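Let me begin by presenting the structure, written as structure tokens, before commenting on it.
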Amino acid sequence: DVKVTQSSRYLVKRTGEKVFLECVQDMDHENMFWYRQDPGLGLRLIYFSYDVKMKEKGDIPEGYSVSREKKERFSLILESASTSQTSMYLCASISGQGETQYFGPGTRLLVL
Amino acid sequence: KNEVEQSPQNLTAQEGEFITINCSYSVGISALHWLQQHPGGGIVSLFMLSSGKKKHGRLIATINIQEKHSSLHITASHPRDSAVYICAVPHSGGSNYKLTFGKGTLLTVNP
């Protein structure tokens with residue numbers, strides 16, 4: 001069974017703090033994704049990584065960065081959290097083209 | 001970028017009813033995904049299909065590539081089917097890696 005885990009289910013941070021969200025998958029998938037999900041907007045891709053140290057911007061990368069130092073781990077970094085980044089963050093992974101995406105449980109981030 | 005429209009946005013049904021959720025997209029694709037999200041956030045992939053029809057238990061997904069349209073049907077609906085159902089297609093009609101998601105259909109099945 002593929003498992004995608006995220007470091008926290010709920011997180012409360014203050015404006016200006018640096019925030020790290022971690023995602024780990026246990027199926028040796030090459031491709032990993034970070035999405036945010038907001039009411040009325042659906043899921044939007046923030047960043048995508050197709051290999052270790054390789055990344056590609058998604059639709060809404062502003063204010064975020066990512067790190068993929070190991071194949072199983074993909075981190076999302078909010079350099080200076082803002083209230084507009086309050087959202088649900090979901091990580092996903094996929095083995096290859098034409099395959100199913102597997103999602104983590106999500107991290108609900110509140111920035112005060 | 002592929003545009004995805006789902007309908008209806010909200011759907012309330014009585015237990016046992018037949019449910020249909022629709023998804024239309026703007027750019028030709030190689031495969032379409034249907035996903036389910038229960039309250040609490042976790043998203044599960046239900047189907048990935050590129051033609052015809054797929055069935056899993058009481059769930060049936062169909063796709064018409066020429067009309068750029070897919071439907072998700074639930075037969076004999078049950079309260080445990082209450083969830084958000086999301087349709088997703090490849091971002092730009094090519095690679096399956098990056099997906100564009102519909103805004104979701106919130107289904108509530110009352111006992």
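Reckoned from all heavy atoms, side chains included, excluding hydrogens, waters and symmetry mates. In what follows, chains carry the letters A, B, and so on, assigned in the order in which the sequence lines appear, proteins first and then strands, with residues in each chain numbered from 1. The structure presented is a predicted model; accordingly, all values stated were derived computationally and were not measured.
Hydrophobic clustering (ILVMFWY, side-chain heavy atoms < 4.5 Å, transitive): B:Ile21 and B:Leu32 are in one cluster. Hydrophobic clustering (ILVMFWY, side-chain heavy atoms < 4.5 Å, transitive): A:Val4 and A:Tyr89 are in distinct clusters. Hydrophobic clustering (ILVMFWY, side-chain heavy atoms < 4.5 Å, transitive): A:Leu45 and A:Tyr64 are in distinct clusters. Cluster membership for B:Leu106 and B:Ile86, using ILVMFWY side-chain heavy atoms within less than 4.5 angstrom, is shared. The cluster map of Ile, Leu, Val, Met, Phe, Trp and Tyr, joined by side-chain heavy atoms under 4.5 Å apart, puts A:Leu21 and A:Phe103 in different clusters.
Here the OH atom belonging to A:Tyr102 is positioned 14.5 Å from the CD1 atom belonging to B:Ile43, to the nearest 0.5 angstrom. B:Lys98 contributes atom NZ, which lies 13.0 Å from atom CD1 of A:Ile94 (distance to the nearest 0.5 angstrom). Within the model, atoms CZ of B:Phe101 and CD of A:Gln37 stand 9.0 Å from one another, a figure rounded to the nearest 0.5 Å.
Between chain B and the residues A:Gly42, A:Gly106, A:Gly104, A:Gly40, the most heavy-atom pairs under 4.5 angstrom are made by A:Gly40.
Proximity to chain B (any heavy atom under 4.5 Å) is shown, for A:Tyr50, by neither the backbone nor the side chain. For a residue to count as touching a neighbouring chain, one of its non-hydrogen atoms must lie under 4.5 Å from one of that chain's; by this rule A:Leu43 touches chain B with backbone and side chain alike. At a 4.5 Å heavy-atom cutoff, B:Gln6 makes no contact with chain A through either its backbone or its side chain. Using a 4.5 Å cut-off between heavy atoms, A:Arg9 contacts chain B through its side chain alone, with no backbone atom that close.
Proximity of B:Met48 to A:Gln101: side-chain heavy atoms (C-beta onward) are nowhere separated by under 4.5 Å.
Around the CZ atom of A:Arg44, the shell of radius 6.0 Å holds more than 12 heavy atoms that belong to other residues, nucleotides or ligands. In B:Gln9, the CD atom is not crowded: 12 or fewer heavy atoms of neighbouring residues, nucleotides or ligands sit closer than 6.0 Å. At most 12 non-hydrogen atoms from other residues, nucleotides or ligands lie less than 6.0 angstrom from CD of B:Glu5.
Inspection of non-hydrogen atoms places no residue of residues 52-62 of chain B under 4.5 Å from chain A.
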